[in-house]
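Take a look at the structure set out below.
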Amino acid sequence: MPSNTKKEYYVDLTFCIDATQSMYNVIDMVKNNALNFYQDVMAAMAQKDKTIARMRISIIAFRDYKYDHEDAMLQTDFFTLPDDSVLFRNIVTGIEAKGGGDDPEDGLEALAYAIRSDWDRSQSGKHRHVIVIWTDAATHELGFGAGDSNYPSDLPRDFGELTRWWDKDEYISKDDRRLVIFAPDEPYWNTISDNWDNVIHFQSIAGQGMMEVEYSQIIDVISNTI
């Protein structure tokens, strides 16, 4: 007999947010959306007759190692919502749009950090591990800022190695992973969307922020990937 029990999902999301100067006009919108994300996704999931048993969100705010040095990358632990709402709000509201140097940023380094997040696989229900990238810029090649003393030594050496990180289960489960990219139609972002599995790419316009991306689209995409 069919079961009337709703499917329960344990959802981990990592938001990679471009925090460079070019995002100045839209950073407040992105931060506000991040703060509203929990309740909006919960409402969308309820309409699909799905239940999120627990949602955790982490933040990676990225810039450019070559130009921003110790301010190039901010990575948080996962916040369990709504329990950690105050801590989560403090982190999100503290993100400032500044720096960045040239037009491309270190988006691939941010993606590498995200892939290697502390994803939870311990629960018995269904899991979804979702990475969302928000940027209006192209990305440097991996290692562009490796000459900076703050650049980590344990990141992928090149794009091929980053692809292998995505392909194997060591860091992020093949069955659970999803990647949603809001980025320009530029090299590496379009290579990822064309060749990696479980990727959705919405194109933003380089240098013009992301006003053309509707928040409702983001909620719809995320709820449909769960």
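The figures that follow rest on heavy atoms only: side chains count, while hydrogens, waters and symmetry mates do not.
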Handout entry: Arg116 to Trp165 six-membered ring, cation-pi geometry met (6.0 Å, 45°)
Key =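 Output no; distance or angle outside limits.
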
Hey, is the main chain of [Y] close enough, under 3.5 Å, to the side chain of [X] for a donor-acceptor pair?
X	Y	value
Trp189	Ala137	yes
Arg63	Asp71	yes
Asp68	Gly100	yes
Ser173	Asp175	yes
His201	Ala183	yes
Glu109	Gly143	yes

Exercise for the section: Run the ring-centre check on Phe62 versus Tyr113 and record whether the distance is less than 6.0 Å. Expected result: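 No.
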
Practice task
With sequence neighbours excluded, give me every side-chain hydrogen bond (donor to acceptor under 3.5 Å, both in side chains) pair touching residues 79-91.
Solution key: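 Pairs touching residues 79-91 that pass the test: none.
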
Exercise for the section: Sort and list the pairs that fulfil salt bridge (Lys or Arg N to Asp or Glu O under 4.0 Å) and have at least one residue in residues 24-41, not counting sequence neighbours. Expected result: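 Applying salt bridge (Lys or Arg N to Asp or Glu O under 4.0 Å) to every pair that reaches into residues 24-41, excluding sequence neighbours, yields Asp28-Lys31.
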
Practice task
Spell out, yes or no, whether Ile60 and Ile192 are grouped together once hydrophobic residues are joined by side-chain heavy atoms under 4.5 Å, including indirect joins.
Solution key: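 As far as the 4.5 Å side-chain criterion goes, Ile192 and Ile60 are connected within one cluster.
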
Handout entry: Polar contact flag, side-chain donor to acceptor under 3.5 angstrom, Trp166-Asp197
Key =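 Trp166 vs Asp197: donor-acceptor pair found between side chains.
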
Exercise for the section: Apply the side chain to side chain donor-acceptor pair (under 3.5 Å) test between Asp120 and each candidate in Arg54, Arg56, His127; give the one that qualifies. Expected result: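 By the side chain to side chain donor-acceptor pair (under 3.5 Å) criterion, Asp120 pairs with just one of Arg54, Arg56, His127: Arg54.
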
Problem - Aromatic plane relationship, Trp119 with Phe78 - under 30° parallel, 30 to 60° tilted, over 60° perpendicular - result: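 Plane angle between 30° and 60°, so tilted.
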
Practice task
With sequence neighbours left out, write down each residue that passes side-chain hydrogen bond (donor to acceptor under 3.5 Å, both in side chains) with Tyr188, or none if nothing qualifies.
Solution key: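 Per chain and number, Tyr188 pairs via side-chain hydrogen bond (donor to acceptor under 3.5 Å, both in side chains) with no residue.
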
Handout entry: Sidechain N-carboxylate O distance under 4.0 Å for Asp169, Lys174
Key =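 No, no charged N to carboxylate O under 4.0 Å.
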
Exercise for the section: Please indicate whether Asn36 has more than 12 foreign heavy atoms, meaning atoms of other residues, nucleotides or ligands, lying under 6.0 Å from its CG. Expected result: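 Result for CG/Asn36: enclosed.
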
